[in-house]
Amino acid sequence: MVVTRVGFGEDSHAFVRDLVSLQAEHNVSVLSADYITLAGAKINTPLKLQANSDGDVVLHAVCRALQTLSGREVLGEIADKRVQAGHFDSAYFVNLALQDLYAQTSTVYRCWRNLYISQIALQIEAAAPKLSPYYAEMKSNIVRIFNSSPVTTEYPLTVEQVGISAMSGEGLTAVGSGKGIAVRALVTVCTEIEM
């Protein structure tokens with residue numbers, strides 16, 4: 001019998017308005033390049049995201065969705081310590097969350113086997129920059145991250161299993177008014193259970 005579970009994750013980062021005062025007040029790093037990173041893709045923009053890692057809000061939301069499936073936290077205080085140790089790439093945190101999911105599943109649910117990710121659905125809210133030109137690269141990067149994980153299963157993820165939708169927010173929220181980027185992620189996991 002196949003069992004399906006769905007994890008939900010959400011994350012957001014504010015755009016930086018005043019780099020010098022922000023760094024002084026909050027002791028956070030601000031990427032100084034002419035791009036932001038979303039799902040591993042470099043998005044050309046003069047806007048900067050406030051973050052203590054690479055600020056990849058898409059991968060952070062995916063990581064949180066994996067956390068809701070495993071019940072083990074990877075982001076937050078744990079990630080803060082790892083960033084201080086030099087781990088800035090958000091793909092690193094997704095891999096940790098995947099390892100936790102597979103470890104939890106094999107330990108708690110001994111009768112489960114062949115756990116695999118069947119779908120990742122992402123909704124990105126951002127008034128700017130325009131993201132649709134980057135969808136293909138973002139999907140490919142997510143597939144690469146999941147399939148290169150040490151816990152990759154016999155059912156590799158494909159780009160057809162990753163869906164991305166972006167919306168401007170129409171000015172109805174702080175994010176929709178251009179103050180940052182918010183992402184919601186659903187990760188659907190299937191596994192066989194022995195009866």
Side-chain angles (χ1 to χ4, degrees), residues 7-68 73-97 120-146 162-187:
F8 173 76
E10 186 171 11
D11 201 56
S12 58
H13 287 285
F15 286 125
V16 175
R17 300 293 180 214
D18 178 359
L19 300 180
V20 175
S21 64
L22 180 73
Q23 286 177 320
E25 285 178 41
H26 302 288
N27 193 27
V28 295
S29 66
V30 178
L31 302 176
S32 59
D34 292 331
Y35 62 86
I36 58 175
T37 304
L38 298 177
K42 290 179 171 47
I43 312 296
N44 295 319
T45 180
L47 301 167
K48 305 292 172 253
L49 290 171
Q50 176 182 334
N52 62 357
S53 66
D54 63 4
D56 193 328
V57 66
V58 172
L59 293 184
H60 296 174
V62 169
C63 191
R64 291 185 188 283
L66 292 168
Q67 287 177 183
T68 65
E73 187 171 331
V74 172
L75 295 180
E77 208 173 296
I78 295 167
D80 290 343
K81 290 177 183 172
R82 290 190 169 131
V83 166
Q84 290 173 355
H87 298 287
F88 295 97
D89 185 354
S90 294
Y92 172 81
F93 299 108
V94 171
N95 273 313
L96 290 178
I120 298 173
L122 302 165
Q123 172 154 46
I124 306 168
E125 182 179 356
K130 185 165 181 59
L131 299 176
S132 57
Y134 300 95
Y135 285 178
E137 182 181 358
M138 293 165 74
K139 288 180 180 186
S140 293
N141 289 340
I142 289 169
V143 167
R144 179 185 46 76
I145 291 165
F146 272 74
V162 180
I164 300 175
S165 170
M167 62 180 197
S168 68
E170 303 291 334
L172 298 176
T173 64
V175 171
S177 297
K179 294 186 177 181
I181 297 179
V183 179
R184 291 160 203 86
L186 292 176
V187 176

[X] [atom1] to [Y] [atom2] distance, which is reported to the nearest 0.5 Å:
X      : Y      : atom1 : atom2 : result
Tyr135 : Ser165 : OH    : OG    : 5.5 Å
Thr68  : Glu10  : OG1   : CD    : 12.0 Å
Gln67  : Phe8   : CD    : CZ    : 13.0 Å

Gly40 backbone acceptor or donor facing Lys42 side chain under 3.5 Å: no
Check each of Leu38, Ile43, Leu47, Val58 against Ile181 using the side-chain contact (heavy atoms from CB on, under 4.5 Å) test, and report the only one that passes. Leu38
State which residue, out of Asn95, Val94, Leu96, fulfils the side-chain contact (heavy atoms from CB on, under 4.5 Å) condition with Leu66. Val94
Nearest heavy-atom contact between Lys139 and Gly163 is CE-CA, 4.4 Å
Minimum heavy-atom distance between Cys63 and Ala97, given as atom pair plus value: SG-CB, 3.7 Å
Is the closest side-chain heavy-atom distance between [X] and [Y] below 4.5 Å?
X      : Y      : result
Leu59  : Tyr92  : no
Leu49  : Phe15  : yes
Phe146 : Ile120 : yes

For residues 121-132, run the donor-acceptor check on the side chains, cut-off 3.5 Å, and write out each pair with its distance to 0.1 Å, sequence neighbours left out.
residue: Glu125; atom: OE1; partner: Arg184; partner atom: NH2; Å: 3.4
residue: Glu125; atom: OE2; partner: Thr173; partner atom: OG1; Å: 2.7
residue: Glu125; atom: OE2; partner: Gly176; partner atom: N; Å: 3.4

Output, in order, the C-alpha distance, side-chain angles, deciding distance and verdict of side chain to side chain contact (heavy atoms under 4.5 Å, CB included) for Val62 and Ile145. CA-CA 11 Å; Val62 169; Ile145 291 165; over 6 Å; no
Quick one: list whatever passes side chain to side chain donor-acceptor pair (under 3.5 Å) with Asp11, sequence neighbours left out. His13, His60, Arg64
Using only heavy-atom distances, determine whether the side chains of Thr37 and Asp56 contain a donor-acceptor pair under 3.5 Å. no
